[in-house]
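One structure is given below, encoded as structure tokens.
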2 protein chains.
Amino acid sequence: MTRISPLQKARYGYVPKLPPVLQDEIARIQAELGQPTEAVADREDLKRLFANTYGKPIATLTRGSNPEAGRRRTVGVILSGGPAPGGHNVICGLFDALKKANRESTLIGFKGGPSGILDDEWIEFTDSLINQYRNTGGFDIIGSGRTKIETPEQFAKALENAKKHGLDALVIIGGDDSNTNAALLAEYFVQQGAPIQVIGIPKTIDGDLKNEYIEASFGFDTATKVYAELIGNIARDAISSRKYWHFIRLMGRSASHIALECALQTQPNVCIVSEEVREKNMTLSQIVDQIVDAVVKRAAKGENFGVVLVPEGLIEFIPEVGALIDELNTLLAKEAEVFNRIDDPRERISWVKGKLSGNNQRVFSSLPETIQAQLLMDRDPHGNVQVSRIETERLLIEMVSSRLKTLKGEGAYKGKFSALNHFFGYEARCAFPSNFDADYCYALGFTAFVLIANGLTGYIAAIKNLARPAVEWKPMGIPLTMMMNMEKRHGKMKPVIRKALVDLEGAPFKRFAAQRDAWATESAYVFPGAIQYYGPDDVCNQPTMTLKLEQGLE
Amino acid sequence: MTRISPLQKARYGYVPKLPPVLQDEIARIQAELGQPTEAVADREDLKRLFANTYGKPIATLTRGSNPEAGRRRTVGVILSGGPAPGGHNVICGLFDALKKANRESTLIGFKGGPSGILDDEWIEFTDSLINQYRNTGGFDIIGSGRTKIETPEQFAKALENAKKHGLDALVIIGGDDSNTNAALLAEYFVQQGAPIQVIGIPKTIDGDLKNEYIEASFGFDTATKVYAELIGNIARDAISSRKYWHFIRLMGRSASHIALECALQTQPNVCIVSEEVREKNMTLSQIVDQIVDAVVKRAAKGENFGVVLVPEGLIEFIPEVGALIDELNTLLAKEAEVFNRIDDPRERISWVKGKLSGNNQRVFSSLPETIQAQLLMDRDPHGNVQVSRIETERLLIEMVSSRLKTLKGEGAYKGKFSALNHFFGYEARCAFPSNFDADYCYALGFTAFVLIANGLTGYIAAIKNLARPAVEWKPMGIPLTMMMNMEKRHGKMKPVIRKALVDLEGAPFKRFAAQRDAWATESAYVFPGAIQYYGPDDVCNQPTMTLKLEQGLE
């Protein structure tokens, strides 16, 4: 018999909070439509690409009448990309709403991501299956995957299988790329005269799928709470043991939202924000200086310990390293044959040094040998360096350590520097969703069905007022084209949802910037502890600092 | 103003559960003494070394009368070694009991570990200070350290400073070494005619300070819950993403209690138990075979993912690697000068290869180059390899990967093997103590004071019946000499508390051994989730599986 943890059993009994409007009969929830909308940029291109679905109005779910609600429907759902806490609850909310509207309706899950609809791998959800996944972490109910539906053959295949199942609608749970895909599919189905609606759901722990309408992507809340738990524990270890500097790299492929939120929660000595590094055109050496400055000042107070947060995406955001990586990618693609004939790692490094242009050569030479070697290995299928494999936190430790040796020689530093490195990513993507994410995701899934029942396609489900209690939440549908612009991908202009990087003028960054100098030298650590699912309201029902600051509630 | 997390604020209000006998007036708690005791081994040697304190009776705290309880006392306390969740609560329990007996009594904390009493660095605890640390993680209230009180000068200094403060008693919170130190201090103070009692407290997340009387060391419960949370999250990620094998190394310097407890909680595909490796005289190659076997069988089912737990201490427990490390330590000590003149890492490796004897040479040559290099760097002050710096999980990944390549070439394996490595240690040592550890530690601190009030010295505080609710707990004092034997340390026979390794005949290991073959091929993962401090009883008030199995309750 399958063993289940006590928490999992208890979480089965949790009833996610729904915004009031969604608690009514489905037939009494109406999508109130506003004015036609426009894309954030490149409107003409997008109008052409989305001839049938561009510029739809924003839909607000309100009390009203929807005579179509009770029609028997078949809906499909896909989990796309990396897992994020709450994915199962999106499916539960979707399932419950669909069954509430009509017990005869069917929810189908395509297995293993978008490839599931291409290969026609699927299951039908039943009450007993759904009940095993309520309020749990993971994407394992149907699995996920990273296949993109891109070629004409793939679009045709998706349509063929959707028709085969008699799908009325398809819900795609994913990040910016997957929701772009949802928009393209919605347009394609209309073009082909197939009445199959497509609704997207904003998922990503990275927090970079957000804008005026999408206040937060799901999973960000839980993931940052897990990372903040660990960072807080490590900070408390640092101040208890008083002998280590902990360098912690945090997941978050491009944007630094995760690192920033964790910094706001835990108040580390240093947190690097990639967007600021790029904005200020900072060099690697300046970043090292900033850390060294904190180490030296703390050492003068006898505090030879500390905590440094480093966003995973940093390395590419340092302009001079970004330029180096670009040249390396081109060089190794062009001269692959010659390069691959060199066996010895050191000879490879010196061969590359000889080929690089002026400044890039200088930057490359300034890096520790281990990092030089990492930059030359492990290229992805497009010939790019896999930056997530580069241990930026170790790079910084090595460079800080070497700078401190110099300072010690000059008598400007008398402390001890002993550093430990950590990387947190996979520890949180499948955590049990926080009450916030459990509620939010359930409401998103529920909203997705109500949008379907109201006949909409090419929308993403959204909830407004997220920093306030669920009783004040407002479920909506946002036209996907509204969030799009054209960007270059692999040399071609493509319609994509614009990624939200950390806004250096936004309240979260400003709060951080106002306090970080104090945090650098003081030990102002805050210890959030483990996510709580029960207990006092402010312990188990708080949204992120990012959300509260953005909405003026902190 | 210092910011405090919502959980920390809420935890201030938690009232630790005390065993019934400790809820009475201190003057009505009596230490009931049993028969004289004997050490576990080497009794004659220990009788000689502990002429005044050997063989004391076990003390059971019961309802009775203690006219001495209300005397005004000054008590000192020391935190020793690595932090463990609950340390602050030991101090809180000690403080509350002492103040309950007499508001005029004083508790002094020596700062930064045992060096605090040598250097006379101290603070006096007040209500307002204590209240900031109730039910919190960390050892930061006074800090900790690893100084040992060893030389005659150090013993004299400790006595001098104890006298200076007019100490009636000293409480030492630490692991096996620190409690050995407590026993030696207790004996020394009696020898010197100083009426200063010494009481030890069993601390270590490693769980290896336990025996017939000490059912568990504090911190093990919380630490394993944090690691199990993370392992469970990673396992759920593995089964959601279906593309990585996660190799997770877990803290625990010698014994594998942590890895075993985490395995019982999460049911990974593989968990190596160092004690079994040593017992069965397993080679590194056999360990690799065991993992490869699971990988191949799972790949045949299309499951190219999994979770492997590796105890930190493993490398030294593999007999052939242990022998190699011994020879390396001797060789590099003897030939340090010649060796240090070699600059190039590869030349160092080949020089060492030439010097090693037959089997050790073979084992060394079989290791990946990165591990060979790690074995030759970073020696500790005693000239030993720092095994905790050896990334055993990466070693296993490299060796498994290379074995799989061979099998693939032979057509015996058709899967994909992509592995990620993790190390969990510092993430848990300073977590907020679980309710179990909060209660247990508070009761230990309280017990320590009652033992002092009953005039005892050379004891360690203990609580029996830990797997049952606190209402059934039995507070006791166990004579430290009872847990000791003689062992060789740096070439000399020393009295030490015997470390508890995993008992291969014990219920926890047997449960694991009975199920692991199923876990290897199935994905039988259990997801414990984050430690809960509130909520249903079986979610927030459960002891470890180890404790429940050892006490026949699971």
Side-chain angles (χ1 to χ4, degrees), chain A residues 2-11 79 82-83 87 112 136-140 143-145 225-226 229-230 232-242 244 246 265-267 420 422-424 426-432 524 526-536 538-540 542, chain B residues 2-11 79 82-83 87 112 136-140 143-145 225-226 229-230 232-242 244 246 265-267 420 422-424 426-432 524 526-536 538-540 542:
Chain A
T2 314
R3 227 184 86 211
I4 287 169
S5 74
L7 182 65
Q8 182 158 336
K9 265 184 225 160
R11 292 305 284 166
L79 289 166
T136 62
F139 272 16
D140 45 306
S144 186
K225 283 183 166 78
V226 175
E229 171 201 359
L230 302 180
N233 288 355
I234 284 174
R236 192 134 211 175
D237 200 301
I239 201 172
S240 296
S241 307
R242 305 178 71 85
Y244 293 118
H246 293 270
Q265 281 193 46
T266 62
Q267 307 188 171
L420 294 170
H422 311 262
F423 170 52
F424 297 138
Y426 301 93
E427 289 75 3
R429 307 194 312 174
C430 289
F432 284 89
V526 177
F527 316 114
I531 293 190
Q532 296 300 296
Y533 301 95
Y534 306 94
D538 61 346
V539 166
C540 69
Q542 291 298 306
Chain B
T2 314
R3 226 184 87 211
I4 286 169
S5 75
L7 182 65
Q8 183 159 334
K9 267 184 223 159
R11 292 305 284 166
L79 289 165
T136 61
F139 271 17
D140 44 306
S144 185
K225 283 184 165 79
V226 175
E229 171 200 359
L230 302 179
N233 288 355
I234 284 175
R236 193 135 210 175
D237 200 302
I239 200 171
S240 295
S241 308
R242 305 179 71 85
Y244 294 118
H246 294 269
Q265 281 194 46
T266 63
Q267 303 189 174
L420 294 170
H422 310 262
F423 170 52
F424 296 138
Y426 301 93
E427 290 76 4
R429 306 194 312 173
C430 289
F432 284 89
V526 176
F527 315 115
I531 294 189
Q532 296 300 298
Y533 301 96
Y534 305 95
D538 61 346
V539 166
C540 69
Q542 290 299 305

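Just so you know, these numbers come straight off a predicted model, no measurement behind them. Note on naming: letters A, B, ... go to the chains in the order of the sequence lines (proteins, then strands), and numbering restarts at 1 for each one.
When each of A:L420, A:D538, A:D140 is checked for heavy-atom pairs under 4.5 Å with chain B, A:D140 comes out on top. Looking only at heavy-atom pairs under 4.5 Å with chain A, the residue among B:G232, B:G87, B:G145, B:A431 that has the most is B:A431. Comparing A:D237, A:L7, A:L79, A:T136 by heavy-atom pairs within less than 4.5 Å of chain B, the highest count is held by A:D237. Most heavy-atom pairs under 4.5 Å with chain A: of the set B:C430, B:G535, B:S5, B:P536, this distinction falls to B:C430. Residue with the most contacts toward chain B among A:A428, A:G137, A:C540, A:A235: A:G137 (heavy-atom pairs, distance under 4.5 Å). If you tally non-hydrogen atom pairs under 4.5 Å between each of A:G143, A:S144, A:P528, A:G529 and chain B, the highest count goes to A:P528.
Here A:R242 pairs with A:I239, A:E303, A:F305 under the side chain to side chain contact (heavy atoms under 4.5 Å, CB included) rule; sequence neighbours left out. In this structure A:F423 satisfies the ring-ring contact (aromatic ring centres under 6.0 Å, His included) test with no other residue, sequence neighbours excluded.
When heavy atoms are compared at a cutoff of 4.5 Å, B:A524 does not approach chain A at all.
A donor-acceptor contact closer than 3.5 angstrom links the side chains of A:R429 and B:S241.
The nearest pair of heavy atoms linking B:F139 to A:S240 is N-OG, 2.7 Å. Taking all atoms of both residues into account, the shortest heavy-atom contact from A:F527 to B:Q8 is CD1-OE1, 3.5 Å. Closest heavy-atom contact between B:R236 and A:G138: CG-CA, 3.6 Å. Between B:I531 and A:A530, the closest heavy-atom pair is O-CB, 3.7 Å. Of all the heavy atoms in B:R3 and A:Q265, the pair that sits closest is NH2-O, 3.7 Å.
Put simply, the side chain of A:N233 gets close to the backbone of B:E427: a donor and an acceptor are under 3.5 Å apart.
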